[in-house]
Undergrad: 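Please read through the structure below; I'll follow up with questions.
Just so you know, these numbers use all the heavy atoms, side chains as well, and skip hydrogens, waters and symmetry mates.
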Amino acid sequence: MKILKLTRESFGTITESLLKRSTSSYPEQEAAVKTILEDVIRDRDKAVFDYTERFDHKTLTPETVRVTEAEIDAAFDEVDAGLITIIKDALVNIRAFHEKQRRQSWFTTEEDGRFLGQRITPLERVGVYVPGGKAAYPSTVLMNVVPAKVAGVKEIVMCTPCGRDGRVNPTTLVAARLAGADKVFRIGGAQAVAAMAYGTESIPKVDKIVGPGNIFVALAKRAVYGHVAIDSVAGPSEILVLADETANPRFVAADLLSQAEHDELASAILVTTSEELARKVSDEVDGFVEVLSRKEIITKSLDNFGRILVADTMEEAIEAVNEIASEHLEIVTKDPFATMTAVKNAGAIFLGSYSSEPLGDYFAGPNHVLPTNGTARFFSPLGVDDFIKKSSVISYSREALEKVHDKIEAFAEAEGLTAHANSVAVRFEN
């Protein structure tokens, strides 16, 4: 990996390159997505099936687009029993973590007849997109479905691509059943996002769409935002390790590569105050790359978006960490808990040598759907709050309103909204 001195110039170059991974950099794909969405709005099922045949080489009908309960039952026979047990164990942790995020409605009353509060209600129907085809992402299923279930969402619709044989990966189906998805459809891509956003004869319209996908899925989610809600427009995966001289270079190198293997646009950055650690980590990375299965992807990722930055002080290092606002942040310092208190921006924070990033991806319990591309400065991980609505509740008695009606009328008249003022004044005409 390239080792650089942390300066204003070197840091600016890195942040500029990271920003180039934004979804605004794909005008051709954006035009293609626009056409797909328009076709689905107009032709509904027919457009979805046409694009599935074109891209996934599978002919679907209204009778075959939904995965049957029998197919899901059969998936349990195909998946290794040990893996099913692991999925169940992970579910326990994920559900327990998200249960702690649940909110309750609240109300207050006063003797003069004022009644105020906030009512919490879950979304009615949520769509979950899960990447598919040759790959299986059961962890994605768990992380998107569980918080929706905990929030009380009535119906969860899942879309995931099928293979040429029309089959959905059995591990994905097992995770869907265990997590609580209500309906699973064997469609993917921008056409699946459009189907959930606008509704077709076979796929119900949802209130919100969550889940990751390729650039076409990301652009489609961005395009339908406002018509439905979305979780975020996810960018490529990111990891940033903040370390001092006490860190184990072999551990740090392994953790950087855990994200670099995702795709060629993934970023892996080490910020450290130790030049010696920087050199050792770089050497360890070189050794790992030679034996890991996704060598070509890792190499391109590191060449383009992998860097080791050496800072003069921990204060400078933390300043860089907060500016990058990485999706995943590992803190491997002498006292990581103390270091964390200075960190303001990160999607998920992993503390200490034995809290490697995959722990959060699969098992610990916190959600692995995290803000990317610096949006951790203002966005949070996916959670129960993403699947609820809050309604303000207001009730005043005549006595309570009489005490303040002249103030409300004066406020409204100051804004030139005389009908507003009249709406209150009419109640006290006599």
Undergrad: Got a sec: does the NE2 of His420 have more than 12 other heavy atoms crowding it under 6.0 Å?
TA: no
Undergrad: Please walk me through it: do Leu277 and Glu245 pass side chain to side chain contact (heavy atoms under 4.5 Å, CB included)?
TA: CA-CA 6 Å; Leu277 178 74; Glu245 70 282 354; 5.9 Å; no
Undergrad: Mind checking what makes salt bridge (charged side-chain N to carboxylate O under 4.0 Å, His left out) contact with Glu69, not counting sequence neighbours?
TA: Arg177
Undergrad: Return the set of residues passing ring pair (Phe, Tyr, Trp, His ring centres under 6.0 Å) with Phe378 (not counting sequence neighbours), or none when no residue passes.
TA: none
Undergrad: Ignoring hydrogens and geometry, is there a side-chain-to-backbone donor-acceptor pair from Lys154 to Pro122 under 3.5 Å?
TA: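 Looks like no, no N/O pair under 3.5 Å.
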Undergrad: Only counting residues at least two apart or in another chain, list the ones meeting ring pair (Phe, Tyr, Trp, His ring centres under 6.0 Å) with Tyr362.
TA: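 Ring pair (Phe, Tyr, Trp, His ring centres under 6.0 Å) list for Tyr362, sorted by chain: empty.
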Undergrad: Would you please name every residue forming a salt bridge (charged side-chain N to carboxylate O under 4.0 Å, His left out) with Lys58, sequence neighbours left out?
TA: none
Undergrad: Checking Glu238 side chain against His328 main chain: does a donor-acceptor pair fall under 3.5 Å?
TA: no
Undergrad: Side-chain contact, heavy-atom cut-off 4.5 Å: Phe11 with Glu323?
TA: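 Yes, at least one pair of side-chain atoms sits under 4.5 Å.
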Undergrad: Counting only N and O atoms by type, is there a donor-acceptor contact under 3.5 Å from the side chain of Asn248 to the main-chain atoms of Phe251?
TA: yes
Undergrad: Strictly by salt bridge (Lys or Arg N to Asp or Glu O under 4.0 Å), give each pair with a member in residues 282-291 just once, sequence neighbours left out.
TA: Arg250-Glu284, Glu290-Lys295
Undergrad: Holding to ring pair (Phe, Tyr, Trp, His ring centres under 6.0 Å), I want the full list of residues that pass it with Phe107, two or more places apart in sequence or in another chain.
TA: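 Testing Phe107 for ring pair (Phe, Tyr, Trp, His ring centres under 6.0 Å), a comparison that skips the adjacent residues, returns Phe115.
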Undergrad: Among residues two or more places apart or on two chains, list those pairs meeting salt bridge (Lys or Arg N to Asp or Glu O under 4.0 Å) that have a residue in residues 347-367.
TA: none
Undergrad: So, Asp182 side chain and Ile156 main chain: donor-acceptor pair closer than 3.5 Å or not?
TA: yes
Undergrad: So do the side chains of His368 and Thr140 get within less than 4.5 Å of each other, counting heavy atoms only?
TA: yes
Undergrad: So, do Leu302 and Lys300 sit near enough that their side-chain heavy atoms are less than 4.5 Å apart?
TA: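 Contact flag for Leu302/Lys300 side chains = no.
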Undergrad: Given side chains that start at C-beta, do those of Leu256 and Ile239 come closer than 4.5 Å, heavy atoms only?
TA: yes
Undergrad: Using only heavy-atom distances, determine whether the side chains of Ser10 and Thr13 contain a donor-acceptor pair under 3.5 Å.
TA: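 Per modelled atom types, Ser10 and Thr13 side chains form no pair under 3.5 Å.
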Undergrad: When you compare the side chain of Leu4 with that of Arg307, does any pair of heavy atoms fall below 4.5 Å?
TA: yes
Undergrad: Scan for salt bridge (Lys or Arg N to Asp or Glu O under 4.0 Å) pairs involving residues 78-96, sequence neighbours excluded, and state none if there are none.
TA: Glu78-Arg167
Undergrad: Output the distance between atom CZ (Arg119) and atom NZ (Lys389), rounded to the nearest 0.5 Å.
TA: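 If we round to the nearest 0.5 Å, Arg119:CZ and Lys389:NZ are 8.5 Å apart.
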Undergrad: Taking the side chain as C-beta and beyond, is there a heavy-atom pair between Asp207 and Val228 under 4.5 Å?
TA: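 Heavy-atom side-chain distance check fails, nothing below 4.5 Å.
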Undergrad: Asp386 vs Val210, test: side chain to side chain contact (heavy atoms under 4.5 Å, CB included). Steps then yes/no.
TA: CA-CA 9 Å; Asp386 289 285; Val210 300; 5.8 Å; no
Undergrad: Quick check: does any side chain N or O of Thr372 sit under 3.5 Å from a backbone N or O of Glu327, one acting as donor and the other as acceptor?
TA: no
Undergrad: What pairs of residues pass the ring pair (Phe, Tyr, Trp, His ring centres under 6.0 Å) test when at least one of them lies in residues 266-302, not counting sequence neighbours?
TA: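 Non-adjacent pairs meeting ring pair (Phe, Tyr, Trp, His ring centres under 6.0 Å): zero.
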Undergrad: Could you report the tightest heavy-atom contact between Val285 and Ala253, atom names first, then the distance?
TA: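 Looking at all heavy atoms of both residues, the shortest contact is CG2-CB, 3.7 Å.
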Undergrad: Could you grab the distance from atom CZ of Phe49 to atom CZ of Arg44, nearest 0.5 Å is fine?
TA: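 Spacing of CZ (Phe49) from CZ (Arg44) equals 11.0 Å.
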Undergrad: Applying salt bridge (Lys or Arg N to Asp or Glu O under 4.0 Å) to Lys34 and Glu38, what does each step give before you reach the verdict?
TA: CA-CA 6 Å; Lys34 183 175 184 290; Glu38 290 172 348; 2.6 Å; yes
Undergrad: Is there a side-chain contact between Asn304 and Leu265 (heavy atoms, below 4.5 Å)?
TA: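 A side-chain contact under 4.5 Å is absent here.
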Undergrad: How far apart are the C-alpha atoms of Asp50 and Lys46, what are their side-chain angles, what is the distance that settles it, and do they pass the salt bridge (Lys or Arg N to Asp or Glu O under 4.0 Å) test?
TA: CA-CA 6 Å; Asp50 286 348; Lys46 181 181 183 303; 2.9 Å; yes
Undergrad: So which atom in Ala195 and which in Val40 form the shortest heavy-atom distance, rounded to 0.1 Å?
TA: N-CG1, 4.0 Å
Undergrad: Checking Val224 against Leu37 for the side chain to side chain contact (heavy atoms under 4.5 Å, CB included) test, could you report, in this order, the C-alpha distance in whole Å, the side-chain angles of both residues, the deciding distance, and whether it holds?
TA: CA-CA 9 Å; Val224 302; Leu37 298 187; 4.1 Å; yes
Undergrad: Tell me, which pairs form a salt bridge (Lys or Arg N to Asp or Glu O under 4.0 Å) where one or both residues lie in residues 272-281, sequence neighbours left out?
TA: Glu276-Lys280
Undergrad: Enumerate, atom names and distances included, each donor-acceptor pair closer than 3.5 Å involving a side-chain atom of residues 339-348, sequence neighbours excluded.
TA:
unit_1 : atom_1 : unit_2 : atom_2 : d
Thr339 : OG1    : Thr333 : OG1    : 2.9
Thr339 : OG1    : Asp335 : O      : 3.1
Thr341 : OG1    : Ala338 : O      : 2.6
Asn345 : ND2    : Asn322 : O      : 2.8

Undergrad: Could you measure the distance from the CG atom of Leu173 to the CZ atom of Phe76? Nearest 0.5 Å is fine.
TA: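 If I round to the nearest 0.5 Å, the distance is 9.0 Å.
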Undergrad: Could you tell me whether the side chain of Thr52 and the main chain of Val48 form a donor-acceptor pair under 3.5 Å?
TA: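 Confirmed, Thr52 side chain pairs with Val48 backbone.
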Undergrad: For Ala266 and Ala260, which heavy atoms make the closest approach, and how far apart are they?
TA: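 Shortest heavy-atom contact: CB-CA, 4.2 Å.
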Undergrad: With side chains defined as the heavy atoms from C-beta onward, is the minimum distance between Leu292 and Ile298 less than 4.5 Å?
TA: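 Result yes, sub-4.5 Å side-chain heavy-atom pair found.
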Undergrad: What distance separates Asp45 CG from Ile203 CD1, expressed to the nearest 0.5 Å?
TA: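 Between atom CG of Asp45 and atom CD1 of Ile203 there are 5.0 Å.
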Undergrad: Is the backbone N or O of Gly235 less than 3.5 Å from a side-chain atom of Asn373, with the two atoms forming a donor-acceptor pair by type?
TA: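 Such a contact is absent between Asn373 side chain and Gly235 backbone.
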Undergrad: List the residues meeting ring pair (Phe, Tyr, Trp, His ring centres under 6.0 Å) with His57, not counting sequence neighbours, and say none if there are none.
TA: none
Undergrad: Could you walk me through whether Asp385 and Gln101 pass the side chain to side chain contact (heavy atoms under 4.5 Å, CB included) test, one step at a time?
TA: CA-CA 8 Å; Asp385 277 358; Gln101 297 179 346; 5.8 Å; no
Undergrad: When you measure from the side chain of Ser274 to the backbone of Asp244, do you find a donor-acceptor pair of N or O atoms at a distance under 3.5 Å?
TA: no
Undergrad: Taking the side chain from Glu71 and the backbone from Thr68, do they hold a donor-acceptor pair closer than 3.5 Å?
TA: yes
Undergrad: Testing the 3.5 Å rule here: is there a donor-acceptor pair between the side chains of Thr7 and Glu9?
TA: no
Undergrad: Can a salt bridge be assigned to the pair Asp56 and Arg186 using a cut-off of 4.0 Å between side-chain N and carboxylate O?
TA: no
Undergrad: Can you confirm whether the side chains of Tyr51 and Asp39 place a donor and an acceptor under 3.5 Å from each other?
TA: yes
Undergrad: Give me the atom names and distance for the closest heavy-atom approach of Pro161 to Pro131.
TA: CD-C, 4.0 Å
Undergrad: Roughly how far, to the nearest 0.5 Å, is CZ of Arg66 from SG of Cys159?
TA: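 Nearest 0.5 Å value for the SG-CZ distance: 11.5 Å.
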Undergrad: Using a 3.5 Å distance criterion without hydrogens, assess whether the side chain of Lys221 forms a donor-acceptor pair with backbone atoms of Pro212.
TA: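 Looks like no, no N/O pair under 3.5 Å.
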Undergrad: How long is the gap from CZ on Phe337 to CD1 on Ile331, to the nearest 0.5 Å?
TA: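 One gets 9.5 Å once the value is rounded to the nearest 0.5 Å.
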